[in-house]
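Lettering follows sequence order; numbering is per chain, from 1.
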Amino acid sequence: MALELFNDLTRRKELFTPIKEGEVTFYSCGPTVYDFFHIGNSRPFIVFDVLRRWLEYLGYKVTFVQNFTDIDDKMIKRANEEGITVKELAEKFIAEYYRDAKALGIRPPTVAPKATEHINEIIDTISKIIKNGHAYVSEGDVYFDVKSWPNYGSLCKQNLDDLEAGARVEPGEKKKDPLDFALWKAKKSGEPFWQSPWGEGRPGWHIECSAMSSKYLGENIDIHSGGVDLIFPHHENEAAQSEAASGNNKPFVNYWVHNGFLLIDNKKMSKSEGNFTTARAAMQKYPPMAIRFFMLSAHYRSPINFTPEALEQAANGVARLKNCIDDLNFASKSRVDNNSDFDIQIFEKELTDLKAKFTDAMNDDLNTAAAIGDLFGVVHLVNSSLKDNAALPEKFFELSKSAFDFYNDILGLPGQDENLSELDENEIENLITERTNARKAKNFKRSDEIRDFLKSKGITLEDTPQGTKWKLSVN
RNA sequence: GGCGGCAUAGCCAAGUGGUAAGGCAGAGGACUGCAAAUCCUUUAUCCCCAGUUCGAGUCUGGGUGCCGCCUCCA
C-alpha cells in the first residue's frame with residue numbers, strides 16, 4: 001500500500017503522488033512569534049513533523065518549509081506593550097519556539113523563513129498579482145480583488161454570497177468588496193514599515209506564505225498543512241494569491257492537509273474562555289513526551305480534548321514504552337546466550353508482521369493511533385520474550401533494539417532521555433550496592449530508606465533476578 | 001442561515017459489510033522481603049429508530065446530542 005492523504009481540496013483520501021518523482025515540497029504554516037506557542041499550536045507542529053518523517057522514511061527527499069510570522073498586528077501590539085522592538089520580540093520567541101519544539105521532539109524545518117526578511121519577494125508577488133489584474137491599489141493599501149478570481153471559495157467550499165454575509169469591513173479599510181483582503185497595508189504611525197511601489201507600509205498576513213513558499217519550493221507545491229481554522233480565510237486567500245501571481249493555471253498546492261482542533265474541556269481554547277495554555281506551561285505539568293504521545297494517539301483530523309486525565313494516561317503509556325526499552329537494555333547486559341533455544345525465526349516474523357501493519361496504518365492518511373497500537377504489539381512481544389526466557393540470543397537484542405529505533409525515528413517516541421538526575425551514576429551505583437548488601441542482611445529498613453531517597457531524587461529502582469536496575473522516573 | 005465534523009467499554013482511541021486493535025484505569029492470580037516492572041485471566045449487544053443485505057459499528061434515510069468554520073486564530 002502506498003501513502004494516501006486526505007486532501008481538503010477534494011475532501012477525499014487520495015493516493016499521494018509528488019510533482020517531481022522522489023521529492024516532496026511541503027509548506028507548513030508556522031507560528032506568529034509574539035508569545036510562547038500554545039498547546040493547540042503544538043498539534044500541527046507534532047503531527048506534521050511525523051508526516052515529514054514518514055515521507056522521508058518512504059524515501060522522498062523532503063523540503064519542509066515552516067515560516068515564522070514576525071510582523072503583524074499582534075506582533076506590533078505586543079512589542080509596544082513590552083516596550084521593545086518588533087524585531088526583538090520576534091528574536092526572543094523564535095528562540096523559545098526552538099526550545100519548546102526540541103523538547104517535544106519536533107525537528108527543525110529545512111528552511112524557516114521570516115516574513116520581514118522577504119519583503120522584496122512579497123513586493124514582487126504583489127506586483128505580479130496587480131499586473132495579472134487581480135489586485136488594486138487604494139490609498140497606499142493593496143487589496144486582492146476577490147470578484148476577479150472565479151475559483152475563490154473552492155477550498156472552503158463556500159460560495160461568495162455566503163462568505164459575503166459574514167464578511168466584515170474594518171473602519172478605515174478602502175476595499176471595493178468586503179471580501180477583498182489586504183496584500184499590503186499602508187504605514188500607520190508607530191508601526192514598522194518598508195518602502196514599496198505603493199508607498200511605505202507592511203505586508204498583509206496571507207501574502208508572506210505565498211511569497212516564501214514560491215521562493216523556496218516553487219510556484220506549485222505538493223503539500224501545504226495547517227490547522228482546520230486556517231482553511232478560511234488564510235489558505236483560501238493564499239491559494240488565490242499564489243495562483244493569481246503565478247498565472248500558470250496550475251494549482252498552488254496539490255494536497256491540502258489540515259489537523260483537527262485541540263479542545264480544552266470540550267471547548268475551543270481561547271483567551272476569553274480562560275482555558276488558554278502554552279506548551280511551555282503544559283510541559284511543566286506533564287512530560288513533553290506525554291504531550292507528543294497524546295497528540296499522536298488520535299487521528300490528526302479528529303478533534304482531541306486536552307484534559308489532565310488524558311495527559312496522565314498518555315504519560316503512563318509512554319512509561320510503558322520506556323520501561324520496555326529500559327528492560328531490554330538492562331537484559332542485554334547479562335542475558336545474552338547464543339545457545340538459547342529461543343525461536344528467533346518466529347520472533348523475527350512477528351516483528352516483521354507488526355512493522356507491516358504499522359506501515360499500512362501510517363500510509364492510511366497517517367493513522368498514528370492505529371500505528372501506536374502496533375508499536376505496543378512490539379512492546380508486548382518483547383516483554384513476553386524477556387519474561388519467558390532467562391537467556392536470549394544476541395540477535396533478539398539486535399532485532400528488538402533496531403525495531404524500537406525504527407519506531408522512534410518515525411514517531412519520535414519515546415524520544416531521548418535528557419533530564420538527568422542531580423545524582424551522578426557513581427553515587428547511584430554506590431547506593432544500590434549498599435542497598436543490595438542491606439537486603440542480603442535482611443536489613444529492609446535501610447534498603448527501603450535508600451530506595452525512597454533515590455525515588456525522591458527522580459530515580460526508580462527495580463529488583464530483578466539479574467540484580468537491581470535503576471531508571472529515571474517518568475514524572 | 002451556509003459549510004463541515006463527531007457520537008465505539010469507567011476514561012482515551014483504532015476499526016477496509018462477516019460475529020469489536022491498542023493504551024490508561026479497575027478486579028483476580030503469578031513473581032517480590034515489601035515494592036516496582038512484567039506476565040496470565042478478566043471488563044462493550046458500537047447514541048436512538050427504520051431500511052438495504054444471508055450478514056452492519058461499518059451502507060441508506062430519519063431522529064437526538066455535542067463540536068468546529070463562515071471574524072484574528074493551529
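Within the 4.0 Å cut-off from OP1 or OP2 of A36(B), not a single side-chain nitrogen or oxygen of W470(A) is found. Checking the phosphate oxygens (OP1, OP2) of A74(B), no side-chain nitrogen or oxygen of N259(A) falls inside 4.0 Å.
We find that the ring of F376(A) and the base of G22(B) do not stack by the test of centres under 5.5 angstrom and planes tilted less than 30°.
Residue-level contact check: K469(A) touches neither bases nor backbone, having no heavy atom under 4.0 Å from any strand. Using a 4.0 Å heavy-atom cutoff across all strands shown, D327(A) reaches sugar-phosphate atoms only and no base atom. At a threshold of 4.0 angstrom between heavy atoms, the contacts of K387(A) include nucleobase atoms, whether or not backbone atoms are also involved. Heavy atoms of F444(A) sit under 4.0 angstrom from at least one base atom. Note on R439(A): a base of the nucleic acid sits closer than 4.0 angstrom, heavy atoms only. Using a 4.0 Å heavy-atom distance criterion, R446(A) is classed as making no nucleic acid contact. Looking at heavy-atom distances under 4.0 Å, L262(A) makes contact with a base. Residue-level contact check: L386(A) touches neither bases nor backbone, having no heavy atom under 4.0 Å from any strand.
Taking atom CG on L311(A) and atom P on C24(B), their separation rounds to 15 Å, with Å as the unit. The distance between atom CG of N316(A) and atom P of U38(B), rounded to the nearest whole Å, is 10 Å. Protein atom CD of Q158(A) is 14 Å distant from nucleotide atom P of G1(B), rounded to whole Å. Following rounding to the nearest Å, L263(A) (CG) and A74(B) (P) show an atom-to-atom distance of 15 Å. Rounded to whole angstrom, the span from the NE2 atom of H235(A) across to the P atom of C69(B) amounts to 15 Å. Rounded to an integer number of Å, the gap from CZ of R301(A) to P of G4(B) is 14 Å. Going from atom CG of N389(A) over to atom P of U38(B) covers 18 Å, rounded to whole Å. What separates CG of L375(A) from C1' of G23(B) is a distance of 11 Å, to the nearest Å.
Classification of K74(A) and D35(A) as a salt-bridged pair fails, no side-chain N sitting under 4.0 Å from a carboxylate O. A salt bridge is absent between K174(A) and D180(A); no separation between the charged side-chain nitrogens and carboxylate oxygens falls under 4.0 Å. Ion pairing between a basic and an acidic side chain is recognised when a charged N comes within 4.0 Å of a carboxylate O; R439(A) and D463(A) show such pairing. Ion pairing of E449(A) with K445(A) is present here, as a side-chain N (NZ or NE/NH1/NH2) and a carboxylate O approach within less than 4.0 Å.
With RNA chain B read from its 5' end, the first of the two nearest nucleotides for A314(A) and N383(A) is the one closest to A314(A). With RNA chain B read from its 5' end, the first of the two nearest nucleotides for H234(A) and I231(A) is the one closest to I231(A).
For the ring pair (Phe, Tyr, Trp, His ring centres under 6.0 Å) condition, no pair includes a residue of residues 436-466 of chain A, sequence neighbours left out.
Remark: C39(B) base-pairs with G29(B). Criterion, Watson-Crick or G-U wobble with two distances under 3.5 Å. A 3.5 Å limit on both hydrogen-bonding distances identifies no Watson-Crick or G-U partner for A21(B). Nucleotide C47(B) has G63(B) as its partner under the Watson-Crick or G-U criteria, with both atom distances under 3.5 Å. When Watson-Crick and G-U wobble pairs are counted only if both distances are under 3.5 Å, U16(B) pairs with no nucleotide at all. Across all strands shown, G2(B) is found opposite C69(B) as a Watson-Crick or G-U wobble partner, with both distances under 3.5 Å.
One C1' atom belongs to U41(B), the other to U58(B), and the distance between them is 30 Å to the nearest Å. Here the separation of A56(B) from C46(B), taken at their C1' atoms, is 11 Å to the nearest Å. For the P atoms, the distance from U16(B) to C6(B) is 12 Å, rounded to whole Å. Nucleotides U19(B) and C24(B) place their C1' atoms 27 Å apart, quoted to the nearest Å.
The base of C73(B) is paired with the side chain of K268(A) by a donor and an acceptor separated by under 3.5 Å. The base of G33(B) sits within donor-acceptor range of the side chain of D448(A), with an N or O pair under 3.5 Å. Below the 3.5 angstrom threshold, one finds a donor paired with an acceptor across the side chain of R451(A) and the base of A35(B).
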Kindly give the atom pairs (protein nitrogen or oxygen, nucleotide nitrogen or oxygen) under 3.5 Å for nucleotides 56-61 of chain B.
none

Contacts under 3.5 Å, N or O only, protein and nucleotides 11-15 of chain B:
residue, atom, partner, partner atom, Å
C11(B), O2', Q313(A), NE2, 3.3
C11(B), O2, Q313(A), OE1, 3.2
C11(B), O2, Q313(A), NE2, 3.1
C12(B), O4', Q313(A), OE1, 3.4
A14(B), OP1, H299(A), N, 2.9
A14(B), O3', N367(A), ND2, 2.9
G15(B), OP1, N367(A), ND2, 2.9

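Side chains of S332(A) and K401(A): a donor on one and an acceptor on the other come within 3.5 Å. Residues S334(A) and Q466(A) bring no donor and acceptor atom of their side chains to less than 3.5 Å of each other. Checking H380(A) against N383(A) by side-chain atom types alone, no donor-acceptor pair falls below 3.5 Å.
Picking from C70(B), C40(B), G33(B) the nucleotide with the shortest atom distance to the side chain of H380(A) gives C40(B). Taking every side-chain heavy atom of R320(A) into account, C39(B) is the closest of C70(B), A74(B), C39(B).
Centroid-to-centroid, the aromatic rings of H206(A) and F144(A) stay 6.0 Å apart or farther. Close placement of the Y97(A) and F37(A) rings is indicated, their centers lying within 6.0 Å of each other. Not less than 6.0 angstrom separates the ring centroid of F294(A) from the ring centroid of Y286(A). Ring to ring, F181(A) and Y143(A) are not that close: their centroids are 6.0 angstrom or more apart.
Residues forming a salt bridge (charged side-chain N to carboxylate O under 4.0 Å, His left out) with R53(A) (at least two apart in sequence, or on another chain): D49(A). For K455(A), the side chain to side chain contact (heavy atoms under 4.5 Å, CB included) partners at least two apart in sequence or on another chain are T460(A), S473(A).
R52(A) forms no cation-pi arrangement with F26(A), by the criterion of a distance under 6.0 Å to the ring centre and an angle within 45° of the ring axis.
Near RNA chain B, meaning a heavy atom under 4.0 Å from it, residues 40-54 of chain A has G40(A), N41(A), P44(A) in order of number.
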